**Student:** 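Next up is a structure, given as structure tokens.
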Amino acid sequence: MIGRLVWRLLPAAPALVVLAAWFVYWTIVQPPPSVIPSIPDVVRTGIELAIGGRLLGDIVSSMGRLLGGVAVGVATGLIAGFIAGLCRPIATFLNPLVVFFNAISGIVWLPLVIGWLGIGHALATFLIWNTVFFIVFQNTVLGIQLVPEVLEHGVRALGGGRWETIRSVTLPGALPYILSGVRSGLGFGWRALIAAELVGATTGLGQLIFSGSEYHRADIIIFGALLIGAIAMVMDRWLLAPIERRTVVRWGLVATSRGR
Amino acid sequence: MSADKIVVSGFRHFFQSDSGPVQATGQIDLTIREGEVVTLVGPSGCGKTTLLKAIAGFIAPTEGEIRCDGRLVRAPGRDRGVVFQELAILPWRTVRRNIAHGLEIARVAKAERDKTVERLIGLMGLVGFEDRYPHELSGGMRQRVAVARTWAADPDVILMDEPFAAVDAMTRLTLQEELGRLCATTRKTVFFITHSVEEAVFLGDRVLVMTRRPGTIKATLDVPRHGKGGRDWDSFTGDPEMRAISEQVMHLVHAERV
Ligand SMILES: Nc1ncnc2c1ncn2[C@@H]1O[C@H](COP(=O)(O)OP(=O)(O)OP(=O)(O)O)[C@@H](O)[C@H]1O
Ligand SMILES: [Mg+2]
């Protein structure tokens, strides 16, 4: 009973450790608030922003951009990944292109893309797509290539055709890697989103942090960072983890808690 | 005399590798008649799996040809079911859905599908595990699912590659008897690879012995199935004729030790 409770609270422990270190450091060193603010300062700032009404709008517009960009990135990454994973010549053709473009971060494209797309939703979507696509693509291709061939043979010996093997073998077999790609994609999507909002938006958490840095408000910056991390954690727990529990974990393809 | 079901003529196979072609089998000629259970023993690496996969249609022979019902084998098909050495059951399907898979592909109506699956689950001793996933089963149960899945699709020919290799001796005895009963009642054509001489004699109407790699068939022994010596271990072990055949096969296999 107590053991279960401890286990459930364990994910919160690192946060407590960090908060404690922060508190101790701040009490001993007393740094200027523009370098490292105190915990109460950050909390107060958070409450002010929330009451001021700006925060909710920023969260909503950031989430909108993020989900839009990630959705496009995941969808195109999956489709291209499946085509490349299932067809060797296409994979051979695409691979150099993927390696080439994957190395070029969205910031490089930024001046050009602002010219093409203007400053707005399309810009953020492009920048997020530019990171998410490659992660999902490469994970999907790898996942498909790692599905044991004998599983496909088994289905073909039952009379299954190409479509049946894709549906009942390739797709579920590649799912652990696909989900892992989506998970990393979401994380890197956040990074791209904030970069996009710094230059190409008037709202959003990126703008909130940017305004904080303009006025040397470390409390706003740290509050923004905490918020992004917290939202990312919540999305992982409530979006991805349940999907994993119902699929790859249920099927015994990955262990949630090895050694327990 | 029943019709020829599978005819392998002039078969030889080479695999391409970085250091040139690897000869997997010597020349093999083999005829399996309809309703016959043919078992194959031979040293590891002699080409047993290669031959089975060629019959199944997964390997295109380098030389020679394979016919099933007179038609050239070019691709796998639902007339030839396969139980692979690696057990190819799908981890993301429950026991029930794995066994039903072939019937789903063949678009068999749900009611009939359920009936067949239910019957095989009973026959294979999987009652109570219908809705479990393979990773929740013991090794022996997984092998039973693999056999049931192939059997459920009701192919004319069943090709089995050491399906009981990974189970303990106790479970194996039961599985062998179950399989023997299935073979006897359904009169399917069965090609069965094994490392165990006893298993080969116990199940086979005919036992083939292969030489070491590149393997050829060096001997064929008929196993008469009359009166005693049927496919249950009590009568099998008590039958001197069966023991004689087993010893004969054992001698042939021993000569091929690698
Ligand atoms: N895909 C492959 N590429 C190259 N060589 C192969 C390949 N598959 C099998 N071989 C070689 O062909 C030979 C025959 O292999 P095969 O799998 O048919 O043996 P086997 O009789 O089934 O052995 P075992 O009893 O150990 O399963 C082996 O020497 C093996 O190394
Ligand atoms: Mg083999």
Side-chain angles (χ1 to χ4, degrees), chain A residues 78 82 85-88 139-140 142-182 240-260, chain B residues 49 52-59 73-95 97-108 131-137 142 145-161 163:
Chain A
L78 272 179
F82 258 86
L86 292 170
C87 179
R88 248 223 128 71
N139 275 280
T140 304
L142 182 65
I144 289 173
Q145 287 168 344
L146 285 177
V147 178
E149 199 185 25
V150 70
L151 297 184
E152 193 185 309
H153 283 181
V155 172
R156 286 176 61 199
L158 291 174
R162 182 97 170 121
W163 172 242
E164 178 64 25
T165 56
I166 292 174
R167 197 183 65 79
S168 64
V169 180
T170 317
L171 188 63
L175 202 57
Y177 285 85
I178 292 175
L179 288 177
S180 159
V182 172
L240 274 175
I243 296 178
E244 281 181 331
R245 260 201 309 280
R246 251 165 253 164
T247 55
V248 293
V249 173
R250 185 75 192 86
W251 304 334
L253 300 182
V254 296
T256 33
S257 41
R258 211 178 278 281
R260 259 193 87 204
Chain B
T49 299
L52 180 134
K53 283 190 177 167
I55 297 174
F58 291 109
I59 288 179
V73 168
R74 294 175 199 281
R78 63 163 310 204
D79 58 325
R80 280 154 292 135
V82 185
V83 180
F84 289 91
Q85 197 166 4
E86 302 92 341
L87 297 187
I89 56 174
L90 299 176
W92 36 88
R93 282 181 172 246
T94 58
V95 169
R97 296 208 56 220
N98 260 298
I99 298 176
H101 201 173
L103 299 169
E104 280 174 28
I105 291 171
R107 300 184 188 286
V108 171
D131 298 312
R132 299 290 184 88
Y133 286 90
H135 76 105
E136 299 168 305
L137 305 180
R142 266 176 242 163
V145 175
V147 172
R149 171 177 97 150
T150 302
W151 222 280
D154 198 26
D156 290 348
V157 179
I158 295 189
L159 310 165
M160 287 192 259
D161 197 349

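Within every chain, numbering begins at 1; the chains are lettered A, B, ... in the order of the sequence lines, protein sequences first and strands thereafter. Given the structure is predicted, the values throughout are model-derived calculations rather than measurements.
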**Student:** So which of Glu136(B), His135(B), Lys53(B), Gln85(B) has the largest heavy-atom pair count under 4.5 angstrom toward chain A?
**Tutor:**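 Of Glu136(B), His135(B), Lys53(B), Gln85(B), His135(B) has the most heavy-atom pairs under 4.5 Å with chain A.
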**Student:** Side chain from CB out, backbone as N, CA, C, O: work out which of these in Ala153(B) comes under 4.5 Å of a heavy atom of chain A, or both, or neither.
**Tutor:**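 The side chain, not the backbone.
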**Student:** Could you report the tightest heavy-atom contact between Ala88(B) and Gly154(A), atom names first, then the distance?
**Tutor:**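 Reported closest heavy-atom pair: CB-CA, 4.0 Å.
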**Student:** Using modelled atom types and a 3.5 Å cut-off, is there a donor and acceptor pairing between side-chain atoms of Trp92(B) and backbone atoms of Ser168(A)?
**Tutor:**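 Pair found, side chain donor or acceptor close to backbone of Ser168(A).
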**Student:** Shorter than 4.5 Å, heavy atoms on both sides: which option in Leu175(A), Val155(A), Thr247(A), Val248(A) has the most such pairs with chain B?
**Tutor:**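 Ranked by heavy-atom pairs under 4.5 Å with chain B, first place is Val155(A).
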**Student:** Is there a side-chain contact between Glu164(A) and His101(B) in this structure, where contact means two heavy atoms from C-beta onward sitting under 4.5 Å apart?
**Tutor:**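 Counting from C-beta outward, Glu164(A) and His101(B) do come under 4.5 Å.
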**Student:** Quick one, Leu158(A) and Arg149(B) - any side-chain contact, counting heavy atoms below 4.5 Å?
**Tutor:**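 Side-chain contact under 4.5 Å: yes.
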**Student:** Specify which of Thr94(B), Ile105(B), Leu103(B), Asp79(B) makes the most heavy-atom pairs with chain A at under 4.5 Å.
**Tutor:**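 The option with the most such pairs is Ile105(B).
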**Student:** For His153(A) and Glu86(B), test the side chains for any donor-to-acceptor distance below 3.5 angstrom and give the result as yes or no.
**Tutor:**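 No.
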**Student:** Quick check on Leu159(B) against chain A: is it the side chain, the backbone, both or neither that has a heavy atom closer than 4.5 Å?
**Tutor:**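 Neither part.
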**Student:** Is there side-chain contact between Pro172(A) and Leu90(B), with at least one heavy-atom pair below 4.5 Å?
**Tutor:**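 Contact flag for Pro172(A)/Leu90(B) side chains = no.
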**Student:** Are any of the side-chain heavy atoms of Phe84(B) and Leu151(A) separated by less than 4.5 Å?
**Tutor:**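 Sidechains of Leu151(A) and Phe84(B): no contact.
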